[in-house]
Amino acid sequence: MEYLKTISILGSTGSIGTQALEIAKKHNIRVIGVAAKSNVDLLIKQAKEFECRYVCIYDEDKLDTLKAAFEGTDVKIYSGMNGLCMMAVLNEADIILNSVVGMVGLQPTLFAIEAGKDIALANKETLVAGGQIVTEAAKRKGVTIYPVDSEHSAIFQCLQGNDRKQLSKIILTASGGPFYKKTKDELREVSIEQALNHPNWAMGKKITIDSATLMNKGLEFIEAIWLFDLKPEQIEIIVQRESVIHSAVEYNDHSVIAQMGVPDMKIPIQYALLYPERVDCPTKPLSLADYGTLSFGKPDFDTFDCLSACIKAITMGGAMPAMVNGANEEAVAQFLAGNISFLSIGELVMSVTNEMENCPINNLDDVLRVDKAAREFVKNKISQNVVR
Ligand code: NDP
Ligand code: MG
């Protein structure tokens with residue numbers, strides 16, 4: 001059978017990964033490899049259904065279960081970080097979908113680039129923590145990074161057919177999350193369940209919390225800078241409550257081109273995988289009449305510390321973006337474990353920009369080192385009861 005494309009998916013069992021598999025099924029895309037962290041049962045099911053030739057489980061203690069499931073077959077089994085990196089360089093793959101969560105995706109991204117593989121990138125933490133080394137390597141190797149994040153896919157789409165040099169600014173849209181218009185006082189007692197309840201999108205837990213703190217928009221601000229070679233002052237963040245306008249680009253003539261669609265990640269996932277094709281997507285078409293009105297607003301930088309901290313971090317440059325990202329990953333995990341309050345996430349992330357020393361980033365080891373330091377910084381603050 002002739003396949004349209006061959007892909008390898010890092011993070012196949014997650015929200016993005018499973019939607020990508022749906023696209024693959026619909027469009028005759030060969031899925032040569034799948035990788036997950038610990039959900040070995042779903043991973044095995046996926047690998048069997050898609051007749052994958054390579055399967056990777058990150059958690060070593062699940063390796064035996066994975067091996068047993070494919071005993072007597074010629075399916076190649078991998079594990080750990082080495083395995084994840086192997087999945088990023090598979091010879092047969094035309095494109096690697098990196099949809100793991102967290103900056104653990106950075107090393108595989110760099111491996112894919114060195115192997116000359118184009119990347120469909122959902123894993124935004126990769127670009128936040130390692131933006132400089134990733135974009136430099138991609139340029140050197142002539143590798144294309146196709147954005148999967150809906151806002152960046154929108155910007156990428158709005159750039160098509162226009163002269164990049166005539167761009168004046170990017171309008172990065174934000175839903176505002178579940179706590180739009182809330183004050184800090186009102187956010188003091190937010191529960192995990194409330195923070196996990198996003199108005200427009202169903203996503204993995206980490207990004208759902210990031211959407212509630214607006215860290216997600218801060219990460220996306222940094223992601224946009226690296227993907228589209230922008231300066232911080234060229235990005236305006238606008239709240240678009242319904243998540244119908246996924247972002248827009250303004251050109252020198254003040255013409256603004258936006259991309260719209262229902263809030264469904266399958267559209268940007270498919271565009272990244274099949275670029276430049278525009279074929280039927282397994283999602284609802286947009287009915288503007290059903291929406292009736294679209295509402296807009298300004299983000300509240302004072303209440304949502306994470307957003308301000310990210311903008312400050314990218315303006316400071318160097319290791320600061322990697323440090324705020326690392327601190328946030330740790331803080332979100334601690335919030336989800338019930339150890340700290342919702343507002344503490346923002347306090348911790350902001351305190352990184354005030355208290356940690358910045359330094360330049362030259363390579364992967366530098367990123368890994370400052371990421372670790374930021375996580376330690378957060379853990380120390382929590383153990384010293386500096387935050388509640
Ligand atoms: P999920 O938590 O739903 O899924 C994460 C996936 O990554 C799972 O398959 C998980 O495996 C896997 N994974 C996590 N850590 C590792 C590891 N160390 N090694 C191998 N696999 C790993 O997250 P989402 O799909 O929501 O998000 C993925 C990325 O995409 C994030 O960076 C997020 O910010 C970004 N994104 C997501 C959007 C969405 O709508 N969900 C929208 C835009 C961007 P397991 O199941 O075994 O834990
Ligand atoms: Mg997004």
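Atom set for the values below is all heavy atoms of this structure, side chains included, hydrogens, waters and symmetry mates excluded. Small disclaimer: the values here were computed from a predicted structure and weren't measured. Residue numbers count from 1 along this sequence. One-based numbering, in listed order, for ligands and for the atoms of each.
Ion pairing of K298 with E236 is absent here, as no side-chain N (NZ or NE/NH1/NH2) approaches a carboxylate O to less than 4.0 Å. Using a 4.0 Å cut-off between charged side-chain N and carboxylate O, E125 and K206 make a salt bridge. Residues K25 and E22 are not paired through a salt bridge, judged by the lack of any N-O separation under 4.0 Å between the basic side chain and the carboxylate. Using a 4.0 Å cut-off between charged nitrogen and carboxylate oxygen, K5 and D94 do not count as a salt-bridge pair. With respect to the salt-bridge test (charged N to carboxylate O, under 4.0 angstrom), the residues K182 and D300 do not qualify.
Cluster partners of F111, by chain and number: V89. The rule joins Ile, Leu, Val, Met, Phe, Trp and Tyr whenever side-chain heavy atoms lie under 4.5 Å apart.
No option in H246, K217, K124 other than K217 meets the side-chain hydrogen bond (donor to acceptor under 3.5 Å, both in side chains) test with E151.
For E355, the CD atom counts as densely surrounded, since its 6.0 Å shell holds more than 12 non-hydrogen atoms of other residues, nucleotides or ligands.
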At less than 3.5 Å, what protein N or O atoms come close to the N or O atoms of ligand 1? Include the distances to 0.1 Å.
residue, atom, partner, partner atom, Å
ligand 1, 3 (O), S15, N, 2.9
ligand 1, 9 (O), G11, O, 3.3
ligand 1, 9 (O), T13, N, 3.2
ligand 1, 9 (O), T13, OG1, 2.6
ligand 1, 9 (O), G14, N, 2.9
ligand 1, 11 (O), T13, OG1, 3.2
ligand 1, 11 (O), K37, N, 3.0
ligand 1, 21 (N), K37, N, 3.3
ligand 1, 25 (O), S15, N, 3.1
ligand 1, 25 (O), I16, N, 2.9
ligand 1, 26 (O), G204, N, 2.9
ligand 1, 30 (O), A122, O, 3.4
ligand 1, 32 (O), E125, OE1, 2.7
ligand 1, 41 (N), S15, OG, 3.0
ligand 1, 46 (O), T13, OG1, 2.6
ligand 1, 47 (O), K37, N, 3.0
ligand 1, 47 (O), S38, N, 2.7
ligand 1, 47 (O), N39, N, 2.8

Kindly list each side-chain donor-acceptor pair under 3.5 angstrom involving residues 60-70, sequence neighbours excluded, with atom names and distances?
residue, atom, partner, partner atom, Å
E60, OE1, S79, OG, 2.8
K62, NZ, S38, O, 3.1

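Around the Mg ion (ligand 2), the protein N, O or S atoms found under 2.8 Å comprise D149 OD1, E151 OE1, E220 OE2.
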